[in-house]
There are 2 protein chains.
Amino acid sequence: MKTGEKTATLADVAHLAGVSQQTVSRVVNTQGQVSARTRARVMDAVGQLNYVPNRLAQGLARQRSQSIGFATNDISLHAPSQLTSGIERAARESGFSLIVSIVPGYGLASVTQAVRALKERQVDGVLINASLSSKDAAEVSRRFADVPSVFLDVPPDSPVNAALLDQYHGAALAARHLLELGHTRIACVHGPQNAVAEHSRLQGWGDVLKDRSLALVAQQEGDWSPASGYAAAVALLASGIPFTAVLVGNDQMAVGVLRALWERGLNVPGDVSVIGYDDTAESALLIPPLTTIRQDFPTLGQKAFHHLKALLDGPEPTRVTLTRPGLVVRASTARPRLGQRLQWQEALQVVQQHLWNRGTEEQGGE
Amino acid sequence: MKTGEKTATLADVAHLAGVSQQTVSRVVNTQGQVSARTRARVMDAVGQLNYVPNRLAQGLARQRSQSIGFATNDISLHAPSQLTSGIERAARESGFSLIVSIVPGYGLASVTQAVRALKERQVDGVLINASLSSKDAAEVSRRFADVPSVFLDVPPDSPVNAALLDQYHGAALAARHLLELGHTRIACVHGPQNAVAEHSRLQGWGDVLKDRSLALVAQQEGDWSPASGYAAAVALLASGIPFTAVLVGNDQMAVGVLRALWERGLNVPGDVSVIGYDDTAESALLIPPLTTIRQDFPTLGQKAFHHLKALLDGPEPTRVTLTRPGLVVRASTARPRLGQRLQWQEALQVVQQHLWNRGTEEQGGE
DNA sequence: CATTCCTATGTTAGCCTTAACAATATGGGG
DNA sequence: CCCCATATTGTTAAGGCTAACATAGGAATG
């Protein structure tokens with residue numbers, strides 16, 4: 001903070017009110033016995049000087065900063081930003097401030113660096129939303145043993161405190177849905193492999209298919225972005241491998257997949273079923289409305305915070321909470337109807353494409 | 001932070017290394033003269049004790065916390081989350097931590113509350129991304145005169161430090177684009193009126209139309225969400241007022257608008273042109289690809305931080321920086337072709353709708 | 001009326017760092 | 001061999017707050 005006309009301190013207030021610092025402290029923190037008269041005088045002085053407590057000093061004296069840290073990877077993505085929203089809210093309601101520290105990249109080193117920065121700030125605990133193997137999570141937890149931590153993106157069997165979404169189960173739900181519709185040739189577009197959650201999902205998809213002696217007919221990796229979903233779908237189509245359904249790692253990539261299929265004149269769900277993951281705000285309004293797996297990140301954020309808070313209040317045994325996502329059936333999935341494509345649909349595509357081109361050529365590029 | 005086996009302090013390190021605290025401080029902060037031998041001994045002790053500096057104490061002593069605050073409204077929205085990403089990054093690169101405080105609701109009181117919480121934490125400065133009138137912004141700036149502040153969502157003529165996107169100009173770009181294509185019956189779906197930026201945009205749209213003696217034929221308000229965009233478009237259609245183009249306040253609502261038009265069997269851009277605002281990652285891959293106004297929030301966040309940092313380093317005159325967004329022409333806009341709707345398109349809608357319904361009825365709800 | 005027990009308030013000593021100043025050592029010039 | 005400049009290290013006093021203990025009045029009790 002910059003020096004204006006000097007911020008008032010407890011001592012200033014005490015002086016003006018003619019009482020001791022401690023009394024002012026008691027009034028400000030509404031704890032301990034203070035006579036109504038004194039309280040009024042103090043409050044008055046607080047108002048006059050526009051006193052604002054100094055939480056740094058308070059934290060130093062109390063040995064508790066009333067702040068928590070959130071170490072997360074790219075906060076501009078859907079999941080982290082939704083999580084942040086839930087965490088901040090829960091924290092604020094409990095009187096905690098939130099310090100955000102982005103984990104730049106993957107791996108133990110990056111996470112360690114981010115958490116260290118938070119520890120320097122004396123956060124009372126940390127929430128860690130970065131992909132970490134079971135082993136690495138344990139290592140982080142050990143290395144920062146004096147700072148309670150709750151992980152949000154680690155394998156469910158990690159020996160650390162964690163609040164997780166049951167990715168395996170969610171993925172299984174998606175795969176089972178396709179199976180029940182009668183699909184047997186299923187491809188997938190998954191997220192980055194170094195994302196732990198994605199690994200669980202791949203597993204979930206695979207296991208369900210395996211139960212029916214099936215397997216994914218093709219896989220492509222994206223980076224969560226719509227553009228990467230598009231590229232992945234294009235690659236899938238280019239491979240020539242026939243498939244009637246695609247499991248997609250998140251709804252954003254699904255947008256790209258939908259587009260790629262559309263460009264090829266493939267009808268969704270007539271020719272290809274597409275199922276996403278997340279249920280973002282736009283998913284219900286895409287064309288077609290996207291069948292997907294719902295994940296409630298803000299709520300997960302709140303749960304994670306309260307888990308952390310419990311850890312702060314009284315040490316509990318390490319535990320992992322798993323929240324099961326749900327299947328949301330919309331219009332992007334249906335029974336497979338191989339080889340029954342309607343002729344006039346292709347005609348439509350051509351006409352529509354033509355219209356768009358006309359729209360585009362009138363104005364130059366970007 | 002919880003007590004584990006006690007975090008090491010400067011004194012502990014000093015003791016172990018057999019030097020004074022001050023010397024350790026000098027080594028840790030790499031400032032002042034320290035002999036190589038001593039430095040080595042200290043570093044060794046630091047390593048052994050796994051010493052981490054206490055930034056609270058440091059902030060108290062230095063009268064500078066090396067942290068900045070970000071007061072923003074709903075961080076789960078596109079703009080705030082993108083902004084956060086840019087700000088955090090710039091801050092981290094300059095050695096600052098970021099404390100996030102959500103502004104719960106609209107208006108001076110909410111903002112004051114959020115900024116006060118940040119001031120308590122002794123942030124060196126604040127970035128404020130909440131809609132505030134010119135007057136209210138000045139009031140906040142005055143009330144927290146001792147904390148340098150940069151505003152991100154205030155009118156461009158506000159007497160405060162601000163880093164803004166030129167919403168007026170961006171909106172004008174969009175309206176001009178439609179005009180140039182030949183549209184005269186233009187409707188709009190705008191965001192919440194209490195959003196300052198939205199006000200500028202409405203103004204931009206209006207002024208451009210006024211230049212041609214035109215006006216918006218209809219307006220609907222949304223809340224930035226795709227669902228609200230859908231509802232707004234439905235209302236627009238239900239009103240019976242004919243229009244050939246829609247200006248939309250953000251790309252997310254545009255998703256809903258596209259969907260509503262599609263459901264009515266209206267072709268975009270054949271029957272109605274749609275232009276969004278933001279250029280989100282999915283915009284280029286929607287069906288049809290969305291013509292929109294590009295806004296680079298992460299970069300704005302960085303600029304805002306550096307503006308704030310300049311304020312910290314040396315008081316400068318108050319200034320406002322305006323960044324001009326750009327028009328991205330894609331396929332959702334074209335010349336108006338009133339009354340030329342193709343019959344078979346409606347037929348297609350019916351068939352497709354039927355297909356989807358089939359897909360849906362097989363599996364129960366959510 | 002002395003004694004006990006609250007209630008209301010004050011005092012003192014830290015929390016961990018840094019700024020400012022003090023002190024000691026080192027080395028070269030006269 | 002003394003003196004001064006420089007390099008290196010140490011000492012002391014904050015910074016704003018709270019925990020823990022100390023003290024002074026009363027009211028209640030016997």
Side-chain angles (χ1 to χ4, degrees), chain A residues 1-3 6-43 45-46 49-67 95 119-124 146, chain B residues 1-3 6-43 45-46 49-67 95 119-124 146:
Chain A
M1 210 165 42
K2 243 187 7 187
T3 46
K6 214 71 163 198
T7 320
T9 70
L10 264 193
D12 299 330
V13 176
H15 187 73
L16 180 60
V19 298
S20 74
Q21 284 192 32
Q22 191 55 224
T23 299
V24 178
S25 172
R26 277 189 276 253
V27 171
V28 171
N29 298 298
T30 51
Q31 54 143 252
Q33 306 287 62
V34 181
S35 73
R37 241 171 56 89
T38 309
R39 184 192 315 283
R41 265 223 312 276
V42 170
M43 293 294 251
V46 164
L49 298 175
N50 192 19
Y51 170 73
V52 170
N54 181 329
R55 305 278 225 131
L56 294 193
Q58 198 178 53
L60 194 57
R62 283 216 254 242
Q63 295 291 80
R64 229 168 180 270
S65 67
Q66 286 291 107
S67 67
K119 178 179 170 171
E120 289 188 358
R121 288 257 132 111
Q122 308 301 111
V123 293
D124 294 330
D146 49 353
Chain B
M1 209 167 39
K2 244 189 2 189
T3 47
K6 214 70 165 197
T7 321
T9 70
L10 223 39
D12 299 328
V13 177
H15 187 74
L16 180 61
V19 298
S20 73
Q21 286 191 31
Q22 191 55 223
T23 299
V24 177
S25 173
R26 278 188 276 251
V27 170
V28 172
N29 298 298
T30 50
Q31 54 145 254
Q33 306 286 63
V34 181
S35 74
R37 241 171 56 91
T38 308
R39 182 190 318 280
R41 265 226 308 277
V42 171
M43 294 293 252
V46 164
L49 297 176
N50 193 19
Y51 170 74
V52 170
N54 182 329
R55 303 279 226 134
L56 295 193
Q58 198 178 55
L60 192 58
R62 283 216 257 241
Q63 295 292 82
R64 230 168 180 268
S65 67
Q66 287 291 104
S67 68
K119 179 179 169 172
E120 288 188 358
R121 288 242 119 89
Q122 308 300 110
V123 294
D124 293 332
D146 50 353

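Both backbone and side-chain heavy atoms feed into the values below; hydrogens, waters and symmetry mates do not. In this text the structure is predicted, and so the values were computed from the model without any measurement.
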**Q.** Nearest-angstrom distance from the residue atom CG of B/D12 to C1' of C/dC16
**A.** 10 Å
(Q) Does C/dC15 have OP1 or OP2 under 4.0 Å away from a side-chain N or O of B/N54? (A) no
(Q) Could you check whether any side-chain N or O of A/R41 sits under 3.5 Å from a backbone N or O of A/A17, counting only pairs where one atom can act as donor and the other as acceptor? (A) yes
(Q) I need the CD-C1' distance between A/Q122 and C/dT17, as an integer number of Å. (A) 11 Å
(Q) Would you compute the distance between atom CE of B/M43 and atom OG1 of B/T38 and round it to the nearest 0.5 angstrom? (A) 12.5 Å
Q) To the nearest Å, how far apart are A/K119 NZ and C/dC16 P? A) 12 Å
**Q.** Considering all heavy atoms, the nearest B/V42-B/V13 contact
**A.** O-CG1, 4.2 Å
Q | Closest non-hydrogen atom pair, A/L56 against B/L60 | A | CD1-N, 4.1 Å
Q: Please state how far atom CD in B/Q63 lies from atom P in C/dT17, giving the value in whole angstrom units.
A: 16 Å
Q: Could you tell me which non-hydrogen atom of B/S65 sits nearest to which non-hydrogen atom of A/R121, and how far apart they are?
A: O-NH2, 2.7 Å
Q | Reported CD-to-CD distance for the pair B/Q122 and B/Q66, which is rounded to 0.5 angstrom | A | 13.5 Å
Q | Heavy-atom contact window of chain B on DNA chain D, given 5' to 3' at under 4.0 Å | A | D/dT8 to D/dG16
Q | Interatomic spacing from CD in A/Q31 to CZ in A/R26 - rounded to 0.5 Å | A | 8.0 Å
**Q.** Working for side-chain contact (heavy atoms from CB on, under 4.5 Å), residues A/L49 and A/H15
**A.** CA-CA 11 Å; A/L49 298 175; A/H15 187 73; over 6 Å; no
Protein-nucleic acid N or O pairs under 3.5 Å, nucleotides 8-11 of chain C:
from, atom 1, to, atom 2, distance (Å)
C/dT9, OP1, A/S35, OG, 3.1
C/dT9, OP1, A/T38, OG1, 2.3
C/dT9, OP2, A/S35, N, 2.8
C/dT9, OP2, A/S35, OG, 3.4
C/dT9, OP2, A/T38, OG1, 3.3
C/dG10, OP2, A/S20, N, 2.7
C/dG10, OP2, A/S20, OG, 2.9
C/dG10, OP2, A/T23, OG1, 2.8
C/dG10, N7, A/R26, NH2, 2.9

**Q.** For atom CZ of B/R37 and atom P of C/dA25, their distance in whole Å
**A.** 15 Å
(Q) Determine whether A/D146 and A/K119 satisfy the following criterion, side-chain contact (heavy atoms from CB on, under 4.5 Å), listing intermediate values before the conclusion. (A) CA-CA 9 Å; A/D146 49 353; A/K119 178 179 170 171; 3.0 Å; yes
**Q.** d(CD, B/Q58; C1', C/dC16) in whole Å
**A.** 10 Å
Q) Within this structure, what is the CZ-to-P distance between A/R121 and C/dC15, rounded to whole angstrom? A) 22 Å
